[in-house]
> 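Shown below is the structure under consideration.
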Amino acid sequence: MTGSSKSSQAGRRPSSALRAPSPRERGEGIDIAIVGGGIIGICAAAFLAEAGRNVTVYDRTGICEETSSGNAAAFAFSDVLPMAHKGMIRQLPKWLADPLGPLSIPPAYLPKLLPWLIRFWRAGAPEKFEASLAAQASMMKLAEAEWMALLDRSGTRPMLREDGSLELYESEAEFRASLPGWAARERFGIGFRHVEGGDLAALQAGLSPRFIRGTFVPGWKTIADPKLLGKAVWAYAQAKGARFEMARIDRVAADEQGATLTLADGSTRQARHLIVAAGAWSHLLARQIGDRIPLETERGYNTTLPKSAFDVKRMLIFSGHGFVITPLETGLRVGGAVELGGIERPPNYSRSKALLRKAQKFLPGLDPSGGREWMGFRPSLPDSVPVIGRASEGRPVVYAFGHGHLGLTQAAATGRLIRDLVLGQTPPIDLAPFSPQRF
């Protein structure tokens, strides 16, 4: 915008008396525009609205109607291990050989994905793993504190469930392979206990006898339903003055003075600050601003069954198979797995069906009828650490994306950090590991 107006002057500058003042000069436009109405965007809106700022959220479908609506409903504050940890790297060849396994890559997408995979492999190096682990641990500690406070302020605390989680193992070898990960968590004060026999059965009745051990994490929390929580937090933000406009943002541009958003209908919006929290589409907007961030998409699948399908007491984690089962207020959600296939390919619901078949084997009394299938896009970075920070070259743009499967868990912490960045306050954790420029 600024560049084109300068070039059109052809070397002459009209006086301010002859030139109409721009919307920015008149003080018009939006104070803070947030692109993305998922859980990250609305938490940022809530924190900024609480601070008295004028916030408008833009989303093409609505508040928490896409990926934030269908996740596994976990506040996974103990899930500090980066994806590229040693155990996962070892299992990659086995998983990739199974097109319906925990991780799949459509062959036609592999060439495009290869640079990201190389970064992912490098992120598993010991020194990088430790740095990512420490960053995630600091983020999770903040996330738990900020979520508990936001739940109280927004009146949504009744949606919280504190039943813990149960991770399950089919063999002694699988259990032993998990121990380094638990040792890493223990270093950061995360509580757990290993169980077997009667203790295992007491935590979850009706399990297949194939599961011989488990690990119970008492501090693990879930929520009644992620979509309902998101909409309730948004209602709180709205009560504080936040506004919503349903619109697809096709283009963004920014200079030192502010940002311009171009909507699908060709109209524009001016904002003094821009926050990009558009999930799996965020890197496309960041590229228009001049920042290239290696974001990929974990396409996650699930089936939500009626509540009567099985009496599941708490979240069950089948890490060897890459999926979980979560009891919700609105049903029983069977989901997980990862398909690295971008944002344009149609869903492959054979994957959700495969997860449901496994769930029937693991919970022999499970009723698989009456389910609703779903697929969502998890925005993922190679080191499993989200991007939270300012755009390059002094533009008034802040990025908040790349949380992978931890978007719900880390949303309140991200909202707090975004507020601090916009207001120029000192954040409570070191943001260097989350820098958009680290790549």
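All figures in this text were calculated on a predicted structure; none of them were measured in a lab.
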> Would E66 and R60 satisfy salt bridge (charged side-chain N to carboxylate O under 4.0 Å, His left out), going step by step from the backbone distance to the final call?
CA-CA 10 Å; E66 296 195 31; R60 63 183 184 177; 2.8 Å; yes
> Check this for me, if you would: do E144 and K221 make a salt bridge, where the nitrogen-to-carboxylate-oxygen distance has to be below 4.0 angstrom?
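A salt bridge links E144 with K221.
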> How would you list all residue pairs meeting ring pair (Phe, Tyr, Trp, His ring centres under 6.0 Å) that involve residues 246-295, not counting sequence neighbours?
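Of all non-adjacent pairs touching residues 246-295, those that pass ring pair (Phe, Tyr, Trp, His ring centres under 6.0 Å) are W281-F377.
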> Evaluate the ring planes of F401 and Y399, with Trp represented by its six-membered ring, and classify them as parallel (under 30°), tilted (30 to 60°) or perpendicular (over 60°).
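Rings of F401 and Y399: perpendicular, over 60°.
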> For F129 and L81: C-alpha separation, side-chain torsions, deciding distance, then whether side chain to side chain contact (heavy atoms under 4.5 Å, CB included) applies.
CA-CA 8 Å; F129 170 81; L81 296 182; 4.2 Å; yes
> Heavy-atom count check: over 12 atoms from other residues, nucleotides or ligands less than 6.0 Å from R122 CZ?
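Incorrect, the count does not exceed 12.
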> Around K353, counting heavy atoms of other residues, nucleotides and ligands shown, do more than 12 lie under 6.0 Å from its NZ?
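Above 12, so yes.
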> Evaluate M375 against E339 for side chain to side chain contact (heavy atoms under 4.5 Å, CB included), listing each step before the verdict.
CA-CA 10 Å; M375 188 271 283; E339 179 186 48; 5.6 Å; no
> Would you please classify the geometry between the F362 ring and the F211 ring as parallel, tilted or perpendicular, with 30° and 60° separating the classes?
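Perpendicular, since the angle between the ring planes exceeds 60°.
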> Between R333 and N71 (side chain of the first, backbone of the second, donor and acceptor by atom type, cut-off under 3.5 Å), is there such a pair?
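Present.
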> Tell me if the CD atom of E127 is crowded by more than 12 foreign heavy atoms within 6.0 Å.
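More than 12 heavy atoms, drawn from other residues, nucleotides or ligands, come within 6.0 Å of this atom.
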> Evaluate the side-chain proximity of M139 to L417: yes if any heavy-atom separation is below 4.5 Å, no if none is.
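A side-chain contact under 4.5 Å exists here.
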> Between the main-chain N or O of T260 and the side-chain N or O of T268, is there a donor-acceptor pair closer than 3.5 Å?
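Side chain of T268 to backbone of T260, a donor-acceptor pair under 3.5 Å: no, none is there.
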> Are side-chain heavy atoms of Q410 and Q136 found at a separation under 4.5 Å?
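Yes - at least one pair of side-chain heavy atoms lies under 4.5 Å apart.
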> What residue among F175, F216, Y169 forms ring pair (Phe, Tyr, Trp, His ring centres under 6.0 Å) with H194?
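The passing option is F175.
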> With a 4.0 Å cut-off on N to O distance, would you call K227 and E65 a salt bridge?
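Counted as a salt bridge, because a side-chain N and a carboxylate O are separated by less than 4.0 Å.
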> Identify all side-chain donor-acceptor contacts of residues 30-37 below 3.5 Å with residues at least two apart in sequence or on another chain.
unit_1, atom_1, unit_2, atom_2, d
D31, OD1, R53, NH2, 3.1
D31, OD2, R53, NE, 2.8
D31, OD2, R53, NH2, 3.4
D31, OD2, N54, N, 3.4

> Should the heavy atoms of other residues, nucleotides or ligands under 6.0 Å from CZ of R251 be counted, would the total exceed 12?
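No, not enclosed.
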> Do D367 and L305 have side chains that get closer than 4.5 Å, going by heavy atoms?
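Of all side-chain heavy-atom pairs linking L305 with D367, none is under 4.5 Å.
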> Is R269 salt-bridged to E245, cutoff N-O under 4.0 Å?
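Salt bridge: yes.
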> Are R161 and E329 ion-paired here, with the side-chain N under 4.0 Å from a carboxylate O?
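Result for this pair is no, no salt bridge flagged.
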